[in-house]
Amino acid sequence: MAVITNSGIHGWLPRSICLTCLTLMWLEAVLGLCLGCEIYRLMVQRRWRTTDDAYEISANNACDIVNH
């Protein structure tokens, strides 16, 4: 956020994108909740996407489809 505001980019859109990213990083770092992994798990359960071995490597095996 400091880079965005110090480089002269102002407005609600860059700040809201930055705050969204910071919120997602906080959720994963502090609470261990990866929303990307949860969305991926939901897509696999609804058969919108097939499983991929690359997504099974995450913190605390959060993307592991078998455990959910």
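Counting begins at 1 with the first residue of the sequence.
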Here the gap from Arg46 atom CZ to Arg41 atom CZ, rounded to the nearest 0.5 Å, amounts to 10.5 Å
Between OG1 of Thr20 and CE of Met25, what distance do you get to the nearest 0.5 Å?
10.5 Å
From Trp48 CH2 over to Ile39 CD1, what is the distance, rounded to the nearest 0.5 angstrom?
10.5 Å
Residues two or more places apart in sequence or in another chain: which of them pass side chain to side chain contact (heavy atoms under 4.5 Å, CB included) with Leu35?
Leu24, Leu27, Leu33
Please enumerate all residues that pass side chain to side chain contact (heavy atoms under 4.5 Å, CB included) together with Trp12, with sequence neighbours excluded.
Ser16
